[in-house]
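To keep things clear, I will list the structure first and then write my remarks on it.
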Amino acid sequence: MSIHYDELCPITQQQVAQLLEHEEHLEEANNEYAVTDIKSAQGKPVHFEDIQPDTLITVNGITGQVDHMIEAGLVSKSIYAGNFEDYLEDADAMFESVHTNEVNDNPDAYLIDDAETMNTAAQIEDVLGSLVTSSVVSDVLAGNILPNEALNDLSESYGVSPERAQKELEALTDSLMGSFEDYLHDQHKDIDVDHLSEWVAYAVNRDSKINQLYQQAITGALSGDLGFSQDLIQEYRNFYRLF
């Protein structure tokens, strides 16, 4: 589906216009790693030279905080330099490493291709911080009562009721769980997600290593990469001798 320039919202038009100022670099760039949107967590436009770790950018249809996008391997730290030419050169190498798995901090990377979910995760993390967000997602998965402090922080920040804030957190967790089920179906067809979940719920409070791997999996999912659950899945395989 093609979109004409005049059909874009004003903010997007401004970002596209900024990109078009670099025509000589765009001619050499592959569209699949072009940055199509840059904005603050509050939705305000941001220039390349003003990009910060919590700035929201869209690359290859995926939206997230810059620091998470770097961790996921979608962009490199050179984006902070504000040099568009250096960014394109480095981005080319970064995308090649994602596709080939040759140079990646997580060789089992499996990126979540759901911009809305990752944008929601980034917004919640912007308010609560990564550790609290990870803890809250764990609570939702475990069916625990969510901490009032976290709900109140989200409620005050976004001007919604605590009940609505809880629904947003539950919706985020449901979406992440759906992506995880797709990941298992794609990469680990022999594993039943319900049985895996039951085993994790049992083991996480009895084995510090399992708890650590579980938190690693959740942190990875919140950054957009389900591949960080690979070590947890391997422990499950080892426990049930599924080789």
Do [X] and [Y] come close enough that some side-chain heavy atom pair is under 4.5 Å?
X      : Y      : value
Ser130 : Leu222 : no
Ser229 : Tyr183 : yes
Ile233 : Leu184 : yes
Leu128 : Leu154 : yes
Asp186 : Asp182 : no
Leu169 : Leu151 : yes
Asp207 : Tyr202 : no
Asp126 : Gln65  : yes

Please report the interatomic distance [atom1]([X]) to [atom2]([Y]), rounded to the nearest 0.5 Å.
X      : Y      : atom1 : atom2 : value
Ser223 : Phe228 : OG    : CZ    : 5.5 Å
Gln52  : Ser40  : CD    : OG    : 11.0 Å
Thr173 : Leu141 : OG1   : CG    : 5.5 Å
Asp225 : Ser179 : CG    : OG    : 11.5 Å
Leu226 : Leu176 : CG    : CG    : 7.5 Å
Ser157 : Asn152 : OG    : CG    : 12.0 Å

State yes or no: do [X] and [Y] share one hydrophobic cluster built from I, L, V, M, F, W and Y residues joined by side-chain heavy-atom distances below 4.5 Å, directly or via other members?
X      : Y      : result
Leu56  : Ile112 : no
Leu196 : Phe239 : yes
Leu131 : Val127 : no

Query raised in the report: Of the options Glu198, Met177, His188, which is the one that meets Val193 in a side-chain contact (heavy atoms from CB on, under 4.5 Å)?
Result: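 Testing each of Glu198, Met177, His188 against Val193, the sole residue satisfying side-chain contact (heavy atoms from CB on, under 4.5 Å) is Met177.
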Query - Glu181, CD: over 12 other non-hydrogen atoms inside 6.0 angstrom - result: yes
Requested in this report: Please check if the side chain of Ser155 supplies one atom and the backbone of Val160 the other of a donor-acceptor pair under 3.5 Å.
Outcome: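 Checking the backbone N and O of Val160 against the side chain of Ser155, a donor-acceptor pair under 3.5 Å is found.
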Query - CA sep, side-chain torsions, deciding dist, call: Glu235, Trp199, side-chain contact (heavy atoms from CB on, under 4.5 Å) - result: CA-CA 10 Å; Glu235 287 298 316; Trp199 174 78; 4.1 Å; yes
Query - Check: Gln215/Ser134 side-chain N/O donor and acceptor closer than 3.5 Å - result: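 Yes, Ser134 and Gln215 have a side-chain donor paired with an acceptor closer than 3.5 Å.
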Query raised in the report: Hey, are Gln216 and Gln212 close enough side-chain-wise for a donor-acceptor pair under 3.5 Å?
Result: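 Judged by distance alone, the side chains do not pair up.
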Report task. Just do the side-chain contact (heavy atoms from CB on, under 4.5 Å) check on Tyr110 and Gln230 with the steps written out, would you? Result -> CA-CA 10 Å; Tyr110 189 97; Gln230 177 63 30; over 6 Å; no
Query - Under-4.0 Å salt bridge between Glu168 and Arg164 - result: yes
Query - Asn205/Asn211 under side-chain contact (heavy atoms from CB on, under 4.5 Å): CA gap, chis, key distance, verdict - result: CA-CA 7 Å; Asn205 294 319; Asn211 183 49; 5.7 Å; no
Query - Cation-pi geometry met for Arg237 and Tyr240 (6.0 Å, 45°) - result: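 Cation-pi check for Arg237 and Tyr240: fails.
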